[in-house]
Amino acid sequence: MNIDLHIHTNNSDGDDSTKEIIKKTRGNDIELISITDHDTVMAYDDLKYINTDGIKIIPAVELSCAYNHEMRDILGYDIDLEKMKKILKRYESKEEDIKKEKEVLKEYIKVFKDNGFIIDDGLEIIDGEKNEGYKKVIISAVSHEENVSKFPQIMNPSAFFWDNCANKKSSFYVDESRFFKTIKDTVEIIHEAGGLAFFAHPCIHHMSHNEVGKMLDEARKYGLDGVEVLHAKHSDEDVEYLLNYANNNRIYKSGGSDYHGSPKPDIKILIGRGNLNVEFDLIKDWTQNCKYML
């Protein structure tokens, strides 16, 4: 059985429509998927008008949270979609989103200029969409050949963000975590929606395995149900560590590509960077009991 439990659409930061995701799912003979958009479940409204016969879908979401002044993500699997919509609506505030993005835009402009970048004047926040401040600055940055010549890595904005802007050890670091919910609140939201909370890709954040373990220990205090063991950016050593951690602490395991389309061009649906293989045995202990499978 081909499985991918971490996929994004253009309802968040991917660039494939939900219909295109289902087409690629069929094209790759994937039988079990989850669409895990960031802080939204709108893709599941799209699915009402798309033929998904033969594809099992575990309803899911990926929620942003904060840990030790850095951004992290927790996946909510097997959620009641209507409950999750109502919960997310409680946190919606266009006014606050615009205010937040205006603040971080100023900070991004400063850190990029401090690192020798040419950034255009007059950048403005329009509607407060998630990551709008960063997007405005990175689009400006890549438009100048001098910047690309000095920092070619900016041509992959997603990787540059996580390796630098969300990394406390980097001179490009901007602390957006102050705007996000705690791990405790995030796990509670997922449980309120009837779901299971899994820590997403815990080994991609420039942390030692010992530090990752402490982070997962913290999350387990609040009822974490599982951890994403298999991920496109996890090394063999990461996978082994997370398998042992999950087994030793009796929590569930999951896996997926974290496919976004062109925003993460090196990651393909189902296979990640070429060697990803989520076997049913890894996930059967919790997927066999899903209440909200579509």
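- With salt bridges taken as basic N to acidic carboxylate O contacts below 4.0 Å, one links Glu176 and Lys100.
- What you find for Val41 and Ala60 is that their closest heavy atoms are CG1-O, 4.0 Å.
- Aromatic ring orientation, His231 versus His234: tilted (interplanar angle from 30° to 60°).
- In this structure, Tyr77 OH and Leu196 CG are separated by 10.5 Å, a value rounded to the nearest 0.5 Å.
- For residues 43-55, the pairs satisfying side-chain hydrogen bond (donor to acceptor under 3.5 Å, both in side chains) are Asn11-Asp46, Thr18-Asp46, Asp45-Lys48, Asp45-Lys85, with sequence neighbours left out.
- Partner of Cys65 under the side-chain contact (heavy atoms from CB on, under 4.5 Å) criterion, out of Ile189, Asp185, Ile183: Ile183 alone.
- Salt-bridge check for Lys184 with Glu188: passed, with a basic side-chain N closer than 4.0 Å to an acidic carboxylate O.
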Stepwise, does the side-chain hydrogen bond (donor to acceptor under 3.5 Å, both in side chains) test hold for Tyr91 with Lys181?
CA-CA 10 Å; Tyr91 293 92; Lys181 295 177 284 294; over 6 Å; no
Evaluate Ser171 against Asp114 for side-chain hydrogen bond (donor to acceptor under 3.5 Å, both in side chains), listing each step before the verdict.
CA-CA 9 Å; Ser171 60; Asp114 286 349; over 6 Å; no
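- Annotation: Phe160 is in aromatic contact with Phe172 [ring centroid separation under 6.0 Å].
- Checked by atom type, the side-chain pair Asp16/His8 shows no donor-acceptor distance below 3.5 Å.
- Of the residues listed (Leu230, Val239, Ile267, Asp258), the one engaging Leu276 in a side-chain contact (heavy atoms from CB on, under 4.5 Å) is Leu230, and it is the only one.
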Set out, in order, the CA-CA distance, both residues' side-chain angles and the distance that settles side-chain hydrogen bond (donor to acceptor under 3.5 Å, both in side chains) for Glu228 and His6, then state yes or no.
CA-CA 9 Å; Glu228 185 174 44; His6 197 155; 2.7 Å; yes
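- Screening Leu75, Asp73, Leu88, Ile87 against Leu63 for a side-chain contact (heavy atoms from CB on, under 4.5 Å) leaves a single residue, Leu88.
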